[in-house]
Amino acid sequence: MIKAIIHNLFPTPIYTNNLDRGFTKQELQFVDEQKKHCKPNTGNINTKDNYILKRKELKNIKKFLDKCCKDYLDKIICPKNNIKIYITQSWLNYTEKNQFHHQHAHPNSVLSGVLYFDCDKKNDKIKFTNPRGYQQIKPQINQYNIWNSDTWFFPVQTGNLFIFPSSTIHQVETKKGDNTRISLAFNTFYKGEIGSNSGLTELIL
């Protein structure tokens, strides 16, 4: 038997958490109401208001997301300088049966995240694509794993939060089930001093 250790070198961190409570009646009513104020997206619809976390009805949701973004920053990025990460744009997505959310990434953002307000845990998923691109030489695969896969998905359910580098390509495949899949998506950016003055890499934001 060969004894070997396989190291995950330069992995893509996908941060997951879960809201430690149910959504309030006020929050759910607000999210339902916003469906009336949407614009078409590729495959589904999203809110015209793309700073939705500035609304008072979601102030406690924003506190939770801010806390998780800081947790990601402290545990994964581990900056030397006293920098912060803050939420820039945010919006709600609504995906009905047989709709989808096109493959995309999030330019002009450091981290992006998705919080799920309504999901069918049997059917709903978020799908990520290998950031290193298509594997040119690819034997037939007997069993897929994190090293030999071009894509990988996670099942999602109500209250789940995912945070990931904004360059990570992701999508929602054609929706199954009769529920409306509702998610809140957001982007982020740094605030503070990045890089080094003496190293000529300083950027003050």
Side-chain angles (χ1 to χ4, degrees), residues 1-21 64-85 87 95 100-116 119-177 181 183-190 192-196 198-201 203:
M1 183 176 180
I2 299 175
K3 294 183 178 180
I5 297 174
I6 300 174
H7 298 276
N8 290 320
L9 187 63
F10 310 130
T12 300
I14 307 295
Y15 175 102
T16 61
N17 207 329
N18 194 73
L19 191 66
D20 58 359
R21 61 172 177 83
F64 168 71
L65 297 178
D66 285 338
K67 182 179 179 180
C68 291
C69 287
K70 183 180 185 303
D71 193 40
Y72 187 112
L73 181 72
D74 293 342
K75 290 179 178 175
I76 298 173
I77 298 175
C78 305
K80 182 177 180 180
N81 294 349
N82 184 25
I83 63 172
K84 297 180 179 180
I85 196 158
I87 294 172
T95 308
F100 64 95
H101 201 153
H102 66 295
Q103 188 180 80
H104 64 287
H106 293 237
N108 302 325
S109 175
V110 177
L111 304 175
S112 294
V114 188
L115 175 68
Y116 293 94
C119 283
D120 174 3
K121 64 181 180 180
K122 293 182 180 179
N123 292 307
D124 288 332
K125 307 175 181 67
I126 182 170
K127 181 179 178 181
F128 295 95
T129 297
N130 186 343
R132 293 169 181 81
Y134 178 75
Q135 299 179 44
Q136 182 66 30
I137 309 300
K138 190 172 178 63
Q140 286 187 305
I141 303 301
N142 181 51
Q143 182 175 344
Y144 285 98
N145 57 48
I146 60 174
W147 300 289
N148 64 19
S149 298
D150 290 320
T151 63
W152 198 264
F153 72 81
F154 294 90
V156 298
Q157 56 184 313
T158 301
N160 281 173
L161 169 67
F162 286 74
I163 301 177
F164 44 88
S166 297
S167 59
T168 309
I169 300 170
H170 56 287
Q171 69 187 95
V172 176
E173 296 185 316
T174 302
K175 170 92 176 77
K176 298 179 181 179
R181 174 183 175 135
S183 63
L184 188 156
F186 60 92
N187 289 330
T188 66
F189 212 75
Y190 287 131
E193 298 181 9
I194 300 174
S196 164
S198 59
L200 304 181
T201 59
L203 176 61

Which residues pass the side chain to side chain contact (heavy atoms under 4.5 Å, CB included) test with I194, not counting sequence neighbours?
I83, Y190, L203, L205
According to the interplanar angle, ranging from 0 to 90°, do the rings of H101 and H104 count as parallel (below 30°), tilted (30 to 60°) or perpendicular (above 60°)?
parallel
K84 atom NZ: more than 12 heavy-atom contacts under 6.0 Å
no
Suppose the criterion is salt bridge (charged side-chain N to carboxylate O under 4.0 Å, His left out): which pairs have a residue in residues 153-174, not counting sequence neighbours?
K127-E173
Give a yes-or-no answer on whether the side chains of N8 and W147 include a donor-acceptor pair shorter than 3.5 Å.
yes
For H7, which residues count as a ring pair (Phe, Tyr, Trp, His ring centres under 6.0 Å) partner, sequence neighbours excluded?
none
Does a side chain donor of either D71 or Y15 reach within less than 3.5 Å of an acceptor in the other side chain?
yes
Among residues at least two apart in sequence or on other chains, which ones pass side chain to side chain contact (heavy atoms under 4.5 Å, CB included) with T95?
N44, Q99, K175, R181
Got a second to check how far T174's OG1 is from N123's CG, nearest 0.5 Å?
12.0 Å
To the closest 0.5 Å, what do you measure between CD1 (I14) and CD1 (I126)?
7.5 Å
Validation row: H170, H106 side chains within 4.5 angstrom (heavy atoms):
yes
Heavy atoms of S166 and S112 approach each other most closely as OG-OG, 2.8 Å
Residue pairs fulfilling salt bridge (charged side-chain N to carboxylate O under 4.0 Å, His left out) with at least one residue in residues 137-154, sequence neighbours excluded:
K138-D150
For Q143 and N148, which heavy atoms make the closest approach, and how far apart are they?
O-ND2, 3.0 Å
For K70, give me all partners under side chain to side chain donor-acceptor pair (under 3.5 Å), at least two apart in sequence or on another chain.
D74
Working to the nearest 0.5 Å, report the span between CZ of F189 and CD1 of I85.
9.0 Å
For L200, side chain to side chain contact (heavy atoms under 4.5 Å, CB included) partners two or more places apart
none
Salt bridge (charged side-chain N to carboxylate O under 4.0 Å, His left out) pairs, two or more places apart, involving residues 158-167:
none
Filter on salt bridge (charged side-chain N to carboxylate O under 4.0 Å, His left out), then keep only pairs touching residues 1-15, sequence neighbours left out; what's left?
none
Test of understanding: with side chain to side chain donor-acceptor pair (under 3.5 Å), list the residues that count as partners of S196, not counting sequence neighbours.
S198
For the residue pair C68 and N17, what are the closest heavy atoms and their distance?
SG-ND2, 3.5 Å
Among residues at least two apart in sequence or on other chains, which ones pass side chain to side chain donor-acceptor pair (under 3.5 Å) with N108?
none
Taking S109 for the side chain and T188 for the main chain, is one N or O donor matched with an acceptor at less than 3.5 Å?
yes
Determine whether more than 12 heavy atoms belonging to other residues, nucleotides or ligands lie under 6.0 Å from atom CG of N82.
no
Would you name the heavy atoms of N81 and E193 that are closest together and state the gap between them?
ND2-O, 2.9 Å
Which heavy atom of T168 sits nearest a heavy atom of F128, and at what distance?
CG2-CD2, 3.5 Å
Quiz: residues 154-165 side-chain donor-acceptor pairs under 3.5 angstrom, not counting sequence neighbours:
residue	atom	partner	partner atom	Å
T158	OG1	C119	N	3.1
N160	OD1	Q157	N	3.0
N160	ND2	N18	OD1	2.8

Taking atom SG of C69 and atom CD1 of I87, what is their separation to the nearest 0.5 Å?
5.0 Å
